[in-house]
K.L.:
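One structure, pasted below without further comment.
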Amino acid sequence: MIGRRGTEGNYAYAVARVKAKKSKLLKVEDFDKMLNMSTAEISRYISEAGYNKEMTDLAATLSGIDLLEYATNANMAKAFRSILLASQGNLRTLVQSYLEKWDFWNLKVILRGKSYGLAAEYIRQDLVIAGKLDAEALDKLISIDSTEDILTNFAKMMGMNGQELLDVYKSKNSFGPVEDYCDIQHYRRLLKSINPNDRPSQNFQKYVRTEIDVRNLETILKLKVVGVYGEAVAPYLIPGGRYIDKKTAMQLAGAETIEGASSDIAQLEFYEAIKDVFEAEDMKVRDVVLAMKKYEMAQANKLSHQYPLSAVPVIDYMIHKEIEVSNIRTVARGIESGLSKEKVKDLLVI
């Protein structure tokens, strides 16, 4: 399989690695057991399930829910970076482009952390060092005091238009527009990295565009809840969706309420996946978002089986790993907050 640069990716090797890793991910029955545990018991359980090194490394400075959350982050970052380092050619290009979402995540963490006056060591604990920028590059950003200088240096490291990023920040002198801009740039860069000339890459592209659909519908619904609709929604939308193009997105955004957009939402290709929760009498946006996340995961899983020697199985593993970490945190937080087992289970993506 030839990439844009004329180099073959080591697909067979990489896919074999991620299949082995995916087989070790926590199963539904593991989460069922964790629902009956305390936070300390959950920590011990996941230590035995592959998170031991990170739990041990951080135990000297953290405890309880903080230890669990930072350790799962660190473990996920290590897993993703190992996949990137083991990938070659066009496959490496795709994996790195997909993982750039963590570079943008880390920028947000650094900006927010510094605005709250957090010490460097606390900011580092929330980073997921799995993208293009390594720990040294991120430490350099953390060491910079000026927000504008952080943005300028980040843009240079990522090969982005620094002035454009600065202009976005200065437009409202806040981080909100920067975060929205980062999300849009991630998907633009990711779509650009995908070779459209071979079938497996075309299907990976379909998955990415479906992911954009999920993000945009989530954004549209959440904004309606707070009374934002119509043209005011446009700056928050990510271009490149598969089923929700610009025209459809603005049509969905145009309705003042979720109820007003329901007939248009019912026409979407993936409506069957969210129909039950969307049509529920006590419909909650959170439940719709969870249903869309499950659909997104199912699409990645389906494509990974259809195209076993492609980038899709690699991305599919990373999606499942990220969801595993999210589910562990959801269980721990839910138990810590005193939620019922049934309520916590409803919040899981499994």
Side-chain angles (χ1 to χ4, degrees), residues 3 9-26 46-47 49-55 57-58 68-110 123-139 141 154 157-158 182-183 185-187 189-191 193-194 201 204 207-208 211 215 293 296-297 299-301 303-304 310-330 349:
N10 56 335
Y11 291 91
Y13 172 73
V15 169
R17 278 176 60 97
V18 298
K19 280 187 176 180
K21 288 177 178 290
K22 189 175 178 182
S23 69
K24 296 177 183 178
L25 292 177
L26 296 174
I46 66 168
S47 289
Y51 291 83
N52 183 61
K53 185 179 187 306
E54 292 76 21
M55 296 289 286
D57 289 347
L58 292 167
L68 185 145
E69 293 197 342
Y70 290 130
T72 50
N73 248 7
N75 179 277
M76 178 174 66
K78 182 179 72 174
F80 290 171
R81 199 149 191 86
S82 72
I83 293 171
L84 177 62
L85 293 173
S87 301
Q88 298 173 5
N90 188 51
L91 175 61
R92 183 182 177 86
T93 300
L94 291 175
V95 171
Q96 182 166 291
S97 295
Y98 187 81
L99 288 175
E100 278 186 4
K101 73 177 186 177
W102 296 111
D103 292 309
F104 292 111
W105 161 273
N106 290 334
L107 174 64
K108 297 174 188 179
V109 168
I110 292 169
I123 295 175
R124 288 192 195 99
Q125 288 171 349
D126 233 1
L127 301 176
V128 178
I129 308 173
K132 182 177 181 179
L133 306 184
D134 59 16
E136 184 179 351
L138 293 169
D139 273 344
L141 294 177
F154 176 82
M157 293 173 180
M158 296 294 292
C182 285
D183 292 339
Q185 287 304 306
H186 164 59
Y187 282 106
R189 291 162 67 95
L190 177 55
L191 287 173
S193 75
I194 299 172
S201 291
F204 175 51
Y207 166 73
V208 172
E211 190 174 291
R215 299 290 176 277
K293 188 66 181 177
E296 182 184 319
M297 185 170 68
Q299 286 295 104
N301 194 53
L303 290 171
S304 73
S310 72
V312 181
V314 180
I315 303 303
D316 176 55
Y317 162 72
M318 292 195 289
I319 292 167
H320 279 76
K321 178 64 177 178
E322 185 179 346
I323 287 172
E324 175 183 90
V325 168
S326 176
N327 282 340
I328 291 170
R329 292 175 167 207
T330 298
V349 180

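Computed from a predicted structure; not experimentally measured.
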K.L.:
Assess whether side-chain contact (heavy atoms from CB on, under 4.5 Å) is satisfied between Y13 and L91, documenting all intermediate values.
P.N.:
CA-CA 11 Å; Y13 172 73; L91 175 61; over 6 Å; no
K.L.:
Between R329 and N73, do the side chains contain a donor N or O and an acceptor N or O under 3.5 Å apart?
P.N.:
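Yes, because at least one side-chain N or O of N73 sits under 3.5 Å from a partner of the opposite role on R329.
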K.L.:
Give, for atom CD of Q125 and atom CG of L127, the distance between the pair rounded to the nearest 0.5 Å.
P.N.:
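Here the rounded value is 9.5 Å.
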K.L.:
Quick one: OG1 on T72 to CG on N327, what's the gap to the nearest 0.5 Å?
P.N.:
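T72 OG1 to N327 CG: 11.0 Å, rounded to 0.5 Å.
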K.L.:
Would you call the rings of F204 and Y98 parallel, tilted or perpendicular, where under 30° means parallel and over 60° means perpendicular?
P.N.:
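F204 vs Y98 ring planes: tilted.
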K.L.:
Regarding N75 and K53, is there a side-chain donor-to-acceptor distance under 3.5 Å anywhere?
P.N.:
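Side chains of N75 and K53: no pair found under 3.5 Å.
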K.L.:
Once you round to the nearest 0.5 Å, how far does NZ of K108 lie from CG of D183?
P.N.:
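With rounding to 0.5 Å, NZ (K108) is 3.5 Å from CG (D183).
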K.L.:
Tell me whether K22 is salt-bridged to D316, with the criterion being a basic N under 4.0 Å from an acidic carboxylate O.
P.N.:
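Result for this pair is yes, salt bridge flagged.
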K.L.:
Mind listing the closest non-hydrogen atom pair of A86 and R17 along with its distance?
P.N.:
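Taking A86 first and R17 second, the nearest heavy atoms are CB-NE, 3.8 Å.
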K.L.:
Over all heavy atoms of both residues, which pair between A311 and Y11 is shortest? Give the atoms and the distance, please.
P.N.:
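The answer is N-CE2, 3.5 Å.
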K.L.:
Quick check: are there more than 12 heavy atoms from other residues, nucleotides or ligands sitting under 6.0 Å from NZ of K21?
P.N.:
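Yes - once you tally the heavy atoms of other residues, nucleotides and ligands closer than 6.0 Å, there are more than 12.
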K.L.:
Got a second to check how far R215's CZ is from Y187's OH, nearest 0.5 Å?
P.N.:
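Here the interatomic distance stands at 4.0 Å.
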K.L.:
Nearest 0.5 angstrom please: H186 NE2 to E100 CD, how far?
P.N.:
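Separation between the atoms: 8.0 Å.
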K.L.:
Nearest 0.5 Å, what's the OG-CD distance between S304 and Q299?
P.N.:
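Rounded to the nearest 0.5 Å, the OG-CD separation comes to 11.0 Å.
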K.L.:
Can you check whether L133 reaches N106 side chain to side chain, under 4.5 Å on heavy atoms?
P.N.:
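Counting from C-beta outward, L133 and N106 never come under 4.5 Å.
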K.L.:
K101 and E322: salt bridge (charged side-chain N to carboxylate O under 4.0 Å, His left out), yes or no, with the steps?
P.N.:
CA-CA 12 Å; K101 73 177 186 177; E322 185 179 346; 2.7 Å; yes
K.L.:
Does K24 pair with E324 as a salt bridge, N-O distance under 4.0 Å?
P.N.:
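So K24 does not pair with E324 through a salt bridge.
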K.L.:
To check you understand the geometry: which heavy-atom pair defines the closest contact between Y51 and A71, and what is its length?
P.N.:
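Here Y51 and A71 meet closest at CD2-O, 4.3 Å.
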K.L.:
Is it the case that the side chain of N301 and the backbone of M297 share a donor-acceptor pair, with hydrogens and angles ignored and the cut-off at 3.5 Å?
P.N.:
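Side chain of N301 to backbone of M297, a donor-acceptor pair under 3.5 Å: no, none is there.
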K.L.:
Indicate yes or no: at least one non-hydrogen side-chain atom of L141 is less than 4.5 angstrom from one of M157.
P.N.:
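L141 reaches M157 side chain to side chain.
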K.L.:
Which heavy atom of L84 sits nearest to which heavy atom of A130, and what is that distance?
P.N.:
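Taking every non-hydrogen atom into account, CD2-O, 4.4 Å.
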K.L.:
Donor-acceptor check, side chain of D134 to backbone of I129, threshold 3.5 angstrom: yes or no?
P.N.:
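Between the backbone of I129 and the side chain of D134 there is no qualifying donor-acceptor contact (under 3.5 Å).
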K.L.:
So which heavy atom on I83 is nearest to which on S87, and how close?
P.N.:
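Closest heavy-atom pair between I83 and S87: O-OG, 2.7 Å.
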K.L.:
Quick one: do M55 and I46 satisfy side-chain contact (heavy atoms from CB on, under 4.5 Å)? Show the steps, please.
P.N.:
CA-CA 9 Å; M55 296 289 286; I46 66 168; 4.2 Å; yes
K.L.:
Return the minimal non-hydrogen interatomic distance between E54 and A74, and the atom names on each side.
P.N.:
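Closest approach of E54 to A74, heavy atoms only: CG-CB, 3.8 Å.
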K.L.:
Hey, mind stepping through R189 and M158 against side-chain contact (heavy atoms from CB on, under 4.5 Å) and telling me if it holds?
P.N.:
CA-CA 11 Å; R189 291 162 67 95; M158 296 294 292; 3.9 Å; yes
K.L.:
Could you check C182 against L107 for side-chain contact (heavy atoms from CB on, under 4.5 Å), going step by step and ending with a plain yes or no?
P.N.:
CA-CA 9 Å; C182 285; L107 174 64; 3.8 Å; yes
